[in-house]
Peer 1: 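Got a structure for you, questions after.
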Amino acid sequence: MKHAMKRNVIAVAALALAGCAAPAVPGAPGSDVLPPPAGLAETYWKAVELGGVPVAPAEGDREPHLVLRAEPAPGMAEGLLPVQGGTGCNRLVGTYSATERQLRFAPGATTRMACPEPNPEPAFLKALADTRAYRIGARHNDELELLDGTGRVVGRFRATPQR
């Protein structure tokens, strides 16, 4: 009986100490708790790969990126949402439609500035035109992959703080 009582006291003490442990911080070194995946909408998505080619770092505001908005703009057709961003040279505005895994970009408009080389704009616009689906977090929790109709990755984007 004395042995059972001692075992119960040790178990209660162990549970009390476990309750005092600091909670796991998502993404912290040594933590197996992953941060939640970034959301498709209202996230600044920086292009890191287009058409299988890594995107070179850009200077200033010429970083190729997307921000898909969650709310329709006034007068926008039902089912369409605004997208804005940069192609790596020009600014982009347009629309998109999305379901749980499907994603389509409608042809948008860009400014028409002269673009220095290397210019990621053609690959960026092709990736958007070819997109039929997406996935977030397949390789990294903060990564958006744009997929064509065959499931091939046509663009990879990383969630980053908005500039």
Side-chain angles (χ1 to χ4, degrees), residues 24-163:
V25 176
S31 170
D32 9 338
V33 179
L34 294 174
L40 178 65
E42 303 304 334
T43 298
Y44 183 98
W45 293 107
K46 174 184 170 182
V48 293
E49 183 182 298
L50 297 168
V53 177
V55 175
E59 306 246 346
D61 64 351
R62 293 192 183 251
E63 177 174 85
H65 70 280
L66 290 172
V67 179
L68 291 82
R69 297 298 178 192
E71 297 294 324
M76 192 166 275
E78 188 173 332
L80 293 180
L81 296 167
V83 61
Q84 58 195 96
T87 65
C89 178
N90 288 292
R91 296 190 192 285
L92 166 79
V93 294
T95 58
Y96 76 97
S97 61
T99 62
E100 188 173 325
R101 291 286 164 234
Q102 303 302 307
L103 178 62
R104 302 279 311 248
F105 292 96
T110 62
T111 55
R112 306 295 289 165
M113 296 185 287
C115 303
E117 293 298 328
N119 179 11
E121 184 171 297
F124 185 91
L125 294 175
K126 180 169 179 19
L128 296 186
D130 291 349
T131 297
R132 298 295 176 267
Y134 74 98
R135 62 183 170 222
I136 296 174
R139 295 188 332 162
H140 305 284
N141 270 358
D142 63 347
E143 187 174 77
L144 165 67
E145 293 178 320
L146 302 182
L147 310 171
D148 68 9
T150 68
R152 183 177 61 90
V153 175
V154 294
R156 283 196 171 89
F157 293 74
R158 182 76 32 96
T160 60
Q162 196 156 359
R163 292 180 141 199

Peer 1: Would Trp45 and Val83 count as a side-chain contact (heavy atoms from CB on, under 4.5 Å) if you check the C-alpha gap in whole Å, the side-chain angles of each, and the deciding distance to 0.1 Å?
Peer 2: CA-CA 11 Å; Trp45 293 107; Val83 61; over 6 Å; no

Peer 1: Could you report the tightest heavy-atom contact between Arg69 and Leu81, atom names first, then the distance?
Peer 2: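 Smallest heavy-atom distance, with atoms named: O-CB, 3.6 Å.
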
Peer 1: Is the His65 ring parallel, tilted or perpendicular to the Tyr44 ring (thresholds 30°, 60°)?
Peer 2: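 Parallel, since the angle between the ring planes stays under 30°.
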
Peer 1: Starting at CD of Gln84, measure out to CZ of Arg91 and round the result to the nearest 0.5 Å.
Peer 2: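 So the gap between those two atoms works out to 10.0 Å.
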
Peer 1: Tell me the closest heavy-atom pair linking Asp130 and Lys126, and the distance in Å.
Peer 2: OD2-NZ, 2.6 Å

Peer 1: Could you measure the distance from the CD atom of Gln102 to the CZ atom of Arg132? Nearest 0.5 Å is fine.
Peer 2: 10.0 Å

Peer 1: Checking Leu50 against Phe157 for the side-chain contact (heavy atoms from CB on, under 4.5 Å) test, could you report, in this order, the C-alpha distance in whole Å, the side-chain angles of both residues, the deciding distance, and whether it holds?
Peer 2: CA-CA 9 Å; Leu50 297 168; Phe157 293 74; 4.1 Å; yes

Peer 1: Under the side-chain contact (heavy atoms from CB on, under 4.5 Å) criterion, do Leu92 and Phe124 qualify, and how do the steps go?
Peer 2: CA-CA 11 Å; Leu92 166 79; Phe124 185 91; 3.9 Å; yes

Peer 1: Between Ser97 and Leu80, what is the shortest heavy-atom contact and its length?
Peer 2: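 Residues Ser97 and Leu80, closest heavy atoms: CB-CD2, 4.2 Å.
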
Peer 1: Can Arg135 and Val153 be said to form a side-chain contact (heavy atoms from CB on, under 4.5 Å), step by step?
Peer 2: CA-CA 10 Å; Arg135 62 183 170 222; Val153 175; 3.7 Å; yes

Peer 1: Around Arg112, counting heavy atoms of other residues, nucleotides and ligands shown, do more than 12 lie under 6.0 Å from its CZ?
Peer 2: no

Peer 1: For the residue pair Arg101 and Tyr134, would you count it as a cation-pi contact if the rule is NZ or CZ under 6.0 angstrom from the ring centre and within 45 degrees of the ring axis?
Peer 2: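 Yes - Arg101 lies over the ring of Tyr134, closer than 6.0 Å to its centre and within 45° of its axis.
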
Peer 1: Any idea which heavy atoms bring Glu71 and Pro82 closest together, and the distance?
Peer 2: O-CD, 3.3 Å

Peer 1: What closest approach, in Å, do Thr110 and Thr87 show between heavy atoms, and which atom pair accounts for it?
Peer 2: CG2-CG2, 4.1 Å

Peer 1: Given Asp142, which of Lys46, Arg156, Arg158 fulfils the salt bridge (Lys or Arg N to Asp or Glu O under 4.0 Å) condition?
Peer 2: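 The option that passes is Arg158.
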
Peer 1: Using a 6.0 Å cut-off, check whether atom CD of Glu78 has over 12 heavy atoms from anything other than its own residue.
Peer 2: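 Counting neighbours around CD of Glu78, 12 or fewer heavy atoms of other residues, nucleotides or ligands fall under 6.0 Å, so no.
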
Peer 1: Can you give me the closest heavy-atom contact between Glu121 and Cys115, atom names plus distance?
Peer 2: OE1-SG, 4.1 Å

Peer 1: Measuring from atom OG1 of Thr131 to atom CG of Leu66, what distance do you get when rounded to the nearest 0.5 angstrom?
Peer 2: 8.5 Å

